[in-house]
Amino acid sequence: MPELVFFSGTMDCGKSTLALQIEHNRSARGLQGMIFTRNDRAGEGKLSSRLGLVTDSVEAGEGFDFYAHIVAHLSAGGRADYVIADEAQFLTPEQIDQLARVVDDLELDVFAFGITTDFRTKLFPGSQRLVELADRIEVLQVEALCWCGARATHNARTVGGQMVVEGAQVVVGDVNQPETVVGYEVLCRRHHRRRLTAAAARAAALSPDVLPVDPVSEPSAGA
Ligand SMILES: Nc1ncnc2c1ncn2[C@@H]1O[C@H](COP(=O)(O)OP(=O)(O)O)[C@@H](O)[C@H]1O
Ligand SMILES: Cc1cn([C@H]2C[C@H](O)[C@@H](COP(=O)(O)O)O2)c(=O)[nH]c1=O
């Protein structure tokens, strides 16, 4: 039975790598995939992983119709055994509906990859629709880690090195960026709530305000 599967996780947890592995394993067995992305950091029409792998893809922009595109491809004698859609958080809810129709009416597996929530911890519309429609939601097994060592569950955005919680939902970018540009950092919920990035935690640790109090000079309880 064909499925719509949503592989979700934070930024930098290996989603695009897994998409490329699924593509590799299936094409090695003679299957033909159709690969789509939107706003990949490597540029238009590319699906890229931080491990250095990259493949060509079809750029699924704002008005792109997945169902019509795939039907046209098949009608022209093309072959398609499965579909991969990376950066699926950027797709519109209508486009996710089209992907569900590809599964149900064209009987193709669709593997969608994306982050669930944005830097404000709000669902992306495309991810929300995937959660609503997917046959299966898979959380990536290689967990990204917060600076404290806990599993990272949230994405923080930094501007000038400071964590922000206001701004446009979509700003293409990456983790481990210099302070001068918009960057991202994955955090556990506790530290996302406290707006404590790795840099903020380092700064707080160095601040005299939080240095351990010398018990000798500390006034006694009753004083
Ligand atoms: N130099 C490296 N050596 C080993 N693994 C790496 C290296 N750089 C990145 N990775 C792995 O790649 C993952 C990011 O993969 P990627 O597919 O680009 O993530 P996503 O698409 O989820 O943002 C990291 O979590 C890490 O596991
Ligand atoms: C949290 C968040 C992320 N983005 C952008 C930043 C990247 O270009 C992609 C995520 O890519 P990845 O392969 O999963 O690392 O999404 C954004 O536009 N808005 C956000 O809130």
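In listed order, ligands and their atoms are each counted from 1.
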Is the shortest N/O to N/O distance between R41 and ligand 2 below 3.5 Å?
yes
Protein heavy-atom partner closest to atom 15 (O) of ligand 2 - residue, atom, separation in Å:
R50 NH2, 2.9 Å
Under 3.5 Å: N/O of S16 near N/O of ligand 1:
yes
Using only atom types and a distance under 3.5 Å, with no angle test, would you say the side chain of S49 pairs donor to acceptor with the backbone of S16?
no
Examine distances only and state if a side-chain atom of Q177 and a backbone atom of V175 form a donor-acceptor pair shorter than 3.5 Å.
yes
Here the atoms of ligand 2 under 4.0 Å from any heavy atom belonging to V170 are 18 (O)
Distance alone, cut at 3.5 Å: any donor-acceptor contact between the side chains of E23 and Q21?
no
Atom 22 (O) of ligand 1 protein-contacted, heavy-atom criterion under 4.0 angstrom:
yes
For V171, counting its heavy atoms only, list the atoms of ligand 2 lying under 4.0 Å from any of them.
4 (N), 5 (C), 6 (C), 17 (C), 18 (O)
Any idea which protein heavy atom is nearest atom 19 (O) of ligand 1, and the distance to it?
G14 N, 3.1 Å
Numbered in order shown, the ligand 2 atoms found under 4.0 Å of a heavy atom of D12 are 15 (O)
Backbone or side-chain N or O of K15 under 3.5 Å from ligand 2 N or O:
yes
Closest approach of any protein heavy atom to atom 2 (C) of ligand 2, naming residue and atom:
Y184 CE2, 3.3 Å
Identify, for atom 18 (O) of ligand 1, the protein heavy atom at the shortest distance, and state residue, atom and that distance.
R50 N, 2.8 Å
So is R120 close enough to ligand 2, meaning a heavy atom under 4.0 angstrom away?
no
Closer than 4.0 Å: a protein non-hydrogen atom to atom 6 (C) of ligand 1:
yes
Looking only at side chains, do E94 and Q98 share a donor and an acceptor under 3.5 Å apart?
no
Which protein heavy atom lies closest to atom 19 (N) of ligand 2, and at what distance to 0.1 Å?
Q169 O, 2.6 Å
Here's a test for you: under ring-ring contact (aromatic ring centres under 6.0 Å, His included), which of F7, F90, F6 qualifies with F113?
F7
M11 N/O to ligand 2 N/O under 3.5 Å:
no
Between D118 and Q169, a side-chain donor and acceptor under 3.5 Å
yes
Residue F124 vicinity, atoms of ligand 2 by number, heavy atom under 4.0 Å
19 (N), 20 (C), 21 (O)
Spacing of H192 atom NE2 and R120 atom CZ [to the nearest 0.5 Å]
10.5 Å
Suppose we measure from atom 27 (O) of ligand 1 to each protein heavy atom; which comes out shortest, and what is that distance?
V142 CG1, 4.4 Å
Would you check if V110 and E3 make a side-chain contact, meaning some heavy-atom pair closer than 4.5 Å?
no
What's the spacing between M1 CE and D104 CG if we round to 0.5 Å?
8.5 Å
For atom 25 (O) of ligand 1, the protein heavy atom that lies nearest, with its residue and separation
D12 O, 2.5 Å
among protein heavy atoms, the one nearest atom 21 (O) of ligand 2 is F119 N, 2.8 Å
If you group Ile, Leu, Val, Met, Phe, Trp and Tyr by side-chain heavy-atom gaps below 4.5 Å, do L140 and L20 land in one group?
yes
Using a strict 4.0 Å cut-off to heavy atoms of V172, name the atoms of ligand 2 that fall inside it.
8 (O)
To the nearest 0.5 Å, tell me how far I115 CD1 sits from L123 CG.
11.0 Å
Say whether T117, considering both its backbone and side-chain N or O atoms, lies within less than 3.5 Å of an N or O atom on ligand 2.
no
Is G9 in contact with ligand 1, taking contact as a heavy-atom separation below 4.0 Å?
no
Looking only at protein heavy atoms, what sits closest to atom 8 (O) of ligand 2 is G173 N, 3.1 Å
Give the residue and atom name of whichever protein heavy atom lies nearest to atom 13 (O) of ligand 2, and the separation in Å to one decimal.
E87 OE2, 3.1 Å
Of all heavy-atom pairs between I84 and A19, which one has the smallest distance, and what is that distance?
CD1-O, 3.5 Å
Need the ligand 2 atom indices (1-based, order shown) with element for anything under 4.0 Å from a heavy-atom of R157.
19 (N), 20 (C), 21 (O)
Run the salt-bridge test on D105 and R101 with the 4.0 Å N-O cut-off and return the result as yes or no.
yes
Can you find a pair of side-chain heavy atoms, one from V102 and one from L4, that are under 4.5 Å apart?
no
For atom 16 (O) of ligand 2, closest protein heavy-atom neighbour:
F90 CZ, 3.2 Å
Atom 17 (O) of ligand 1 sits nearest the protein heavy atom T17 OG1, 2.6 Å
Please tell me if the side chains of E59 and T37 come closer than 4.5 Å, counting only heavy atoms from C-beta onward.
yes
For the backbone of F64 and the side chain of Q95, can you confirm whether one donor and one acceptor N or O come within less than 3.5 Å of each other?
yes
Quick test: of every protein heavy atom, which one is nearest to atom 1 (C) of ligand 2, and how far off is it to 0.1 Å?
N155 CB, 3.4 Å
Give yes or no for whether the N/O distance cutoff of 3.5 Å, strictly under, is met between L51 and ligand 1.
no
